[in-house]
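Inspection log for the structure reproduced underneath, given as structure tokens.
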Amino acid sequence: MKLPEKQIYLAQTGSGRIVIPLTGEEINSICTMGSNDAAVESVCNKPCLRCWMTRYSKELIREEIRDYSDWTEEELSSDEENLQRLVWLLAWDVSEADDPDSFLANEEIRKMDSQKIQ
């Protein structure tokens with residue numbers, strides 16, 4: 001299901017301890033058949049996402065993605081790969097949700113300049 005490109009979704013981990021704003025366009029670019037690596041890397045390299053992620057420790061990111069799979073400690077040793085895993089997982093969570101609109105950002109975030117989120 002394609003999401004409206006300009007909408008902003010608040011993707012979050014199961015615990016709710018990490019929340020990442022992603023546009024429908026970003027989610028659509030990641031959630032396709034085949035390899036999603038280039039799209040994930042592109043989203044992860046956006047300065048605003050990098051800035052947003054400074055609010056979360058590398059340890060918290062590692063802890064949160066550990067709940068999604070049985071990655072080894074060696075696999076979880078790369079902070080960059082952990083960020084990419086997190087973005088990939090959360091984008092797919094929104095994309096595959098029964099009601100993706102339940103992830104829509106609140107009015108305050110929707111009013112923010114889209115350049116600040118992207």
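Because the structure is predicted, anything quoted here is derived from the model rather than measured.
In plain terms, the two heavy atoms of Gly16 and Gln12 that are nearest each other are CA-OE1, 3.5 Å. Heavy atoms only, all atoms of each residue included: Asp79 and Lys58 are closest at OD2-CD, 2.8 Å. Between Thr54 and Cys51, the shortest heavy-atom contact is OG1-O, 2.6 Å. The two atoms that bring Ala39 and Ser29 nearest to each other are CB-O, 3.2 Å, heavy atoms only.
Residues Ile20 and Leu49 have side chains in contact (heavy-atom distance under 4.5 Å, counting atoms from C-beta outward). With contacts defined as side-chain heavy-atom distances shorter than 4.5 Å, the pair Pro21/Tyr9 does not qualify. At a threshold of 4.5 Å between non-hydrogen side-chain atoms, the residues Glu75 and Arg85 count as touching. Using a 4.5 Å cut-off on side-chain heavy atoms (C-beta onward), Glu26 and Glu5 make no contact. The shortest side-chain heavy-atom distance between Leu83 and Arg50 falls under the 4.5 Å cut-off. Side-chain contact between Leu22 and Val43 is present, with heavy atoms from C-beta onward closer than 4.5 Å. In this structure, Phe103 and Leu10 have side chains that are not in contact, with every pair of non-hydrogen atoms separated by 4.5 Å or more.
For the atom pair Glu63 CD and Tyr56 OH, the distance stands at 14.0 Å (nearest 0.5 Å). Separating the CD atom in Gln84 from the CD1 atom in Ile65 is a distance of 10.5 Å, to the nearest 0.5 Å. Distance check: Cys44 SG to Met53 CE gives 8.5 Å after rounding to the nearest 0.5 Å. Separating the CD1 atom in Ile8 from the CG atom in Leu104 is a distance of 9.5 Å, to the nearest 0.5 Å. Atom CG of Leu3 sits about 7.5 Å away from atom SG of Cys31, to the nearest 0.5 Å. Note that the CG atom of Asp67 and the CZ atom of Arg62 stand 13.5 Å from one another [nearest 0.5 Å].
Judged purely by distance below 3.5 Å, without hydrogens or angles, the side chains of Gln7 and Thr23 never pair a donor atom with an acceptor atom.
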Compile the donor-acceptor pairs under 3.5 Å between side chains in residues 87-94 and protein atoms, sequence neighbours left out, one pair per line.
| residue | atom | partner | partner atom | Å |
| --- | --- | --- | --- | --- |
| Trp88 | NE1 | Asn36 | OD1 | 2.9 |
| Trp92 | NE1 | Asn36 | OD1 | 3.4 |
| Asp93 | OD2 | Tyr68 | OH | 3.0 |

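One N or O on the side chain of Asn82 and one on the backbone of Leu76 form a donor-acceptor pair closer than 3.5 Å.
One finds a salt bridge joining Arg66 and Glu73 here, because a Lys/Arg side-chain nitrogen approaches an Asp/Glu carboxylate oxygen to under 4.0 Å.
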